[in-house]
Undergrad: 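The structure's right below; bear with me while I get my questions together.
Small disclaimer: the values here were computed from a predicted structure and weren't measured. Per chain, numbering begins at 1; letters A, B, ... match sequence-line order. The basis for the numbers below is simple: all heavy atoms, side chains too, and nothing from hydrogens, waters or symmetry mates.
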Amino acid sequence: MTKNPSKTATGSKKPPFYITTTLPYVNAEPHIGFAMELIRADIIARAKNLAGHEVFFNTGTDEHGLKIFQKAKQNHKEPQEYVDEAAAKFKELLPLLGIAENVAGITFKFVRTTDTDHIAAAQEFWKIADKNGLIYKKNYKIKYCVGCELEKTESELVEGKCPLHPLMELEVYEEENYFFRFSVYQKPLMDLYGRGSVSGSSGVGERRDGDGSPVTTPFVVPSSRLNEIRAFVERGLEDFSVSRLATKMPWGIPVPNDPAHVMYVWFDALVNYISTIGWPTDMKKFDKWWVESGGAVQYCGKDNLRQQSAMWQAMLMAVKLPPSKQIIIDGFITGEGGVKMSKSLGNAVNPLDIVKEYGTDALRYYVARELHPFEDSAYSPDKFKESFNAHLANGLGNLTSRILKMAETNGIKYDLVAEKEFAESAEYKTLLEKYSEGLDKYDIQQASNSIWDLIGATDKIVQERQPFKKIKEDRAGAEKDIKELLARLHMIGTMLLPILPETAAKIVGLVEKNKMPEAPLFMRK
RNA sequence: CGCGGGGUAGGGUAACGGUAACCCGUCAGGCUCAUAACCUGAAAAUUGCCGGUUCGAUUCCGGCCCCCGCAACCA
């Protein structure tokens with residue numbers, strides 16, 4: 001088997017591919033950050049599917065825990081009622097973002113941590129980890145600020161005091177909790193990070209893709225995040241609490257054989273990555289999507305680095321399951337000037353407002369090309385509008401109009417001979433390499449840039465060869481030019497398929513039917 | 001000395017030892033197939049500060065200043 005999917009011989013089966021987002025916690029409205037994560041995962045899912053892989057695409061909602069319990073109470077609702085409504089809201093987002101819910105070859109799943117099969121899976125997971133000796137009970141010191149009437153974590157304290165009530169002594173009491181033996185996984189985790197990394201490959205038990213080829217990209221992408229988690233694990237790990245007293249916080253999955261405790265939400269939520277693909281009841285399905293595929297590619301924000309790349313991996317080891325395939329870390333979307341987005345600052349952006357004004361593909365374009373694939377990026381309405389006008393209206397949309405107008409009025413049709421010729425050109429090969437390499441590295445911006453390189457080069461050709469003028473004295477020459485332009489446009493549409501599915505399908509369709517768009521693809525704003 | 005990332009034209013980014021590149025915006029010219037779109041050209045950066053290594057540093061080393069995450073049970 002070859003490592004490069006594009007080199008796989010026709011007919012040989014490509015391994016299944018599994019990609020997932022994190023499950024957003026439903027204590028707040030869907031925000032732009034989650035929309036971004038979903039769009040990116042969707043682009044990768046579609047691209048893999050188009051490249052011939054069968055794809056499983058998972059997303060959903062995380063619905064247990066104290067914050068949700070409190071939020072439900074605030075709204076005078078039962079927790080279940082509250083999360084049902086919240087989950088529905090997140091689900092509504094999917095079609096507006098153009099998520100591949102109904103695409104042939106992509107199995108889409110929206111998992112909720114309150115689903116009965118997820119609850120059963122989380123309990124089974126706990127039982128196995130417990131049986132393997134990785135869960136134990138111990139007294140846990142709680143620091144309680146009487147002033148706030150709240151428990152305080154170490155990170156909330158300033159010099160050992162509650163910053164809001166620095167004159168009051170914290171009450172300390174002990175509570176029995178279950179703990180996970182995270183500490184024993186320091187070495188195994190370091191090994192995991194070492195393997196498959198570009199530089200420090202150990203050569204032993206390398207991570208393998210479903211077809212047996214070694215995974216050559218780092219376990220955590222980008223590699224700066226891999227360094228970060230490595231440094232964190234290297235400093236030593238402490239066991240972490242994985243339960244809460246049900247009397248204090250009943251909204252969670254009951255701990256097996258101990259109804260006095262519920263699972264801590266992280267422990268519960270992370271299991272979704274395998275419960276969603278049938279573990280532990282449908283092991284055939286699980287094997288396909290977790291074992292044959294080489295595990296999940298997990299998109300998450302940088303605040304999730306530890307949970308995804310350390311805690312979850314250790315948990316998998318505790319139940320003797322193979323690790324995830326890769327963790328892809330996103331940056332955050334910030335407001336203008338890199339200021340954190342927040343409701344209180346009033347600079348939070350609702351993805352639905354953008355979709356309403358500009359359309360689904362415009363938002364997808366912005367995420368794909370204007371946001372840094374791994375670092376923080378600033379969003380501003382002005383920037384959005386500028387890039388929309390420059391690249392979607394003036395760039396892609398206008399190019400489509402001008403080429404199809406020439407083709408339609410002169411009755412010149414797209415044909416495969418011209419397309420084949422262009423596909424064999426050095427120009428196209430270079431672009432395609434940039435495009436595929438970008439997608440392989442999860443650098444969606446690079447992949448998108450290659451398409452806009454082609455758009456720019458094609459605009460230039462129209463200007464230089466002037467087929468609209470040439471047609472008057474040299475019909476054959478102009479026809480050849482226009483056929484090449486049509487081939488180029490067709491190629492642009494094809495490359496755009498995973499990124500702007502709706503627009504891409506439209507372009508491909510128009511070229512094949514030799515029809516000029518009835519209305520501009522993107523109206524200048 | 002907690003850990004990590006970063007400071008490059010008006011804005012956003014790239015290059016990472018050898019004339020500082022790209023996109024947006026601005027200005028001038030060209031074209032008329034196209035969505036006042038498109039093409040060409042120009043202006044615009046002493047690459048955070050100070051010192052060192054080097055024939056030569058944005059790029060390597062040391063120090064300093066500033067910004068942004070994280071610092072574990074916060075989902």
Undergrad: Under 5.5 Å between ring centres and under 30° between planes: does that hold for Phe240(A) against the base of C73(B)?
TA: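 Whether judged by distance or by angle, Phe240(A) falls short somewhere, so it does not stack on the base of C73(B).
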
Undergrad: Applying the ring pair (Phe, Tyr, Trp, His ring centres under 6.0 Å) test to Phe267(A), which of Trp312(A), Phe125(A), Phe182(A) qualifies?
TA: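 That would be Phe125(A); it is the only one of Trp312(A), Phe125(A), Phe182(A) passing the ring pair (Phe, Tyr, Trp, His ring centres under 6.0 Å) with Phe267(A).
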
Undergrad: Please measure how far the P atom in C61(B) lies from the corresponding atom in G18(B), and state the result in whole Å.
TA: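 Looking at atom P only, C61(B) and G18(B) are 15 Å apart.
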
Undergrad: Using a heavy-atom cut-off of under 4.0 Å over every strand shown, decide if Gly65(A) touches base, sugar-phosphate, or nothing.
TA: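 Since no nucleic acid heavy atom lies under 4.0 Å of Gly65(A), the category is nothing.
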
Undergrad: Can the positive tip of Lys525(A) be found less than 6.0 Å from the middle of the six-membered ring of Tyr358(A), inside 45° of the ring normal?
TA: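 Yes, a cation-pi geometry holds between Lys525(A) and Tyr358(A).
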
Undergrad: Kindly determine whether Tyr366(A) and Tyr379(A) satisfy ring-ring contact (aromatic ring centres under 6.0 Å, His included), including the steps that lead there.
TA: CA-CA 10 Å; Tyr366(A) 193 80; Tyr379(A) 169 87; 5.7 Å; yes

Undergrad: Does any nucleotide pair with A42(B) by Watson-Crick or G-U wobble geometry, both distances under 3.5 Å, and what is it?
TA: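 Pairing partner: U26(B).
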
Undergrad: Test Lys302(A) against Glu228(A) for side chain to side chain contact (heavy atoms under 4.5 Å, CB included), laying out the working first.
TA: CA-CA 11 Å; Lys302(A) 61 183 185 179; Glu228(A) 200 174 327; over 6 Å; no

Undergrad: Tell me what Val462(A) touches on the nucleic acid: a base, only sugar-phosphate, or nothing, going by heavy atoms under 4.0 Å.
TA: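 Val462(A): base contact, heavy atoms under 4.0 Å.
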
Undergrad: Taking atom types as modelled, find out whether Tyr365(A) and Glu370(A) have a side-chain donor-acceptor pair closer than 3.5 angstrom.
TA: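 Yes, because at least one side-chain N or O of Tyr365(A) sits under 3.5 Å from a partner of the opposite role on Glu370(A).
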
Undergrad: Just call it for Gly236(A): base, sugar-phosphate, or nothing, with non-hydrogen atoms closer than 4.0 Å on any strand.
TA: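 If one applies the 4.0 Å heavy-atom cut-off, Gly236(A) turns out to touch a base.
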
Undergrad: Which of residues 304-311 of chain A have a heavy atom under 4.0 Å from RNA chain B?
TA: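 RNA chain B contact set from residues 304-311 of chain A: Asn304(A), Arg306(A).
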
Undergrad: So if I take every side-chain heavy atom of Glu375(A) and compare against G5(B), U35(B), C74(B), which nucleotide ends up nearest?
TA: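 Closest of the options to the side chain of Glu375(A): G5(B).
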
Undergrad: Please work out if Ala269(A) contacts a base, only the sugar-phosphate, or nothing of the nucleic acid, heavy-atom cut-off 4.0 Å.
TA: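 Nothing: the residue Ala269(A), judged by heavy atoms under 4.0 Å, touches no strand.
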
Undergrad: Pick base, sugar-phosphate or nothing for Phe332(A), based on heavy-atom distances below 4.0 Å to the nucleic acid.
TA: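 Nothing, no nucleic acid heavy atom in range.
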
Undergrad: Taking atom types as modelled, is there a side-chain donor on Ser324(A) or Gln298(A) under 3.5 Å from an acceptor on the other?
TA: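 Short answer, yes.
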
Undergrad: What nucleic acid atoms does Asn398(A) come within less than 4.0 Å of, heavy atoms only: base, sugar-phosphate, or nothing?
TA: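 Answer is base: heavy atoms of Asn398(A) come under 4.0 Å of a base.
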
Undergrad: Please tell me which of the listed nucleotides, U13(B), A37(B), C33(B), lies nearest to the side chain of Arg402(A)?
TA: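 That would be C33(B).
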
Undergrad: Under 4.0 Å, heavy atoms only, any strand: does Arg465(A) hit a base, just the sugar-phosphate, or nothing?
TA: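 The answer is nothing, as Arg465(A) stays clear of every strand by at least 4.0 Å.
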
Undergrad: So does Lys480(A) pair up with Glu484(A), basic N to acidic O under 4.0 Å?
TA: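 Not counted as a salt bridge, because no side-chain N and carboxylate O are separated by less than 4.0 Å.
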
Undergrad: Classify the nucleic acid contact of His391(A) as base, sugar-phosphate or nothing, counting any heavy atom under 4.0 Å across all strands shown.
TA: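 Counting heavy atoms under 4.0 Å across all strands, the contact made by His391(A) is with sugar-phosphate only.
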
Undergrad: Touch check for Glu464(A), heavy atoms < 4.0 angstrom, all strands: base, sugar-phosphate only, or nothing?
TA: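 Result for Glu464(A) = nothing.
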
Undergrad: Classify the nucleic acid contact of Leu237(A) as base, sugar-phosphate or nothing, counting any heavy atom under 4.0 Å across all strands shown.
TA: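 Here Leu237(A) touches the bases of the nucleic acid.
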
Undergrad: Given A72(B), C39(B), C24(B), identify the nucleotide with an atom nearest to the side chain of Lys460(A).
TA: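 Nucleotide nearest to Lys460(A)'s side chain: C39(B).
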
Undergrad: Between A45(B) and A21(B), how far apart are the two P atoms, rounded to whole Å?
TA: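 Approximately 13 Å lies between the P atom of A45(B) and that of A21(B).
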
Undergrad: Could you give the CG-to-P distance, from Asn177(A) to A72(B), as a whole number of Å?
TA: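 Value for this atom pair: 17 Å.
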
Undergrad: Contact class for Glu238(A) (heavy atom, under 4.0 Å): base, sugar-phosphate, or nothing?
TA: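 Touches a base.
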
Undergrad: Distance under 6.0 Å and angle within 45° of the ring axis: does Arg306(A) meet both against Phe232(A)?
TA: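 The answer is yes, since Arg306(A) meets both limits relative to Phe232(A).
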
Undergrad: Could you check how far CZ of Phe374(A) sits from P of A14(B), rounded to whole Å?
TA: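 After rounding, the reported distance stands at 12 Å.
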
Undergrad: Looking for any heavy atom pair under 4.0 Å, which part of the strands does Ser387(A) touch: base, sugar-phosphate only, or nothing?
TA: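 No contact.
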
Undergrad: Under the side-chain hydrogen bond (donor to acceptor under 3.5 Å, both in side chains) rule, what do Glu176(A) and His261(A) come out as? Steps first, then yes or no, please.
TA: CA-CA 9 Å; Glu176(A) 212 172 37; His261(A) 295 264; 4.9 Å; no

Undergrad: What is the base-pairing partner of G2(B), counting Watson-Crick and G-U wobble geometry with both distances under 3.5 Å?
TA: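 Checking every strand shown, G2(B) finds its partner in C70(B), with both distances under 3.5 Å.
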
Undergrad: Across the strands shown, which category fits Leu521(A) at heavy-atom distances under 4.0 angstrom: base, sugar-phosphate, nothing?
TA: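 Base contact.
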
Undergrad: Under 4.0 Å, heavy atoms only, any strand: does Arg225(A) hit a base, just the sugar-phosphate, or nothing?
TA: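 Touches nothing.
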
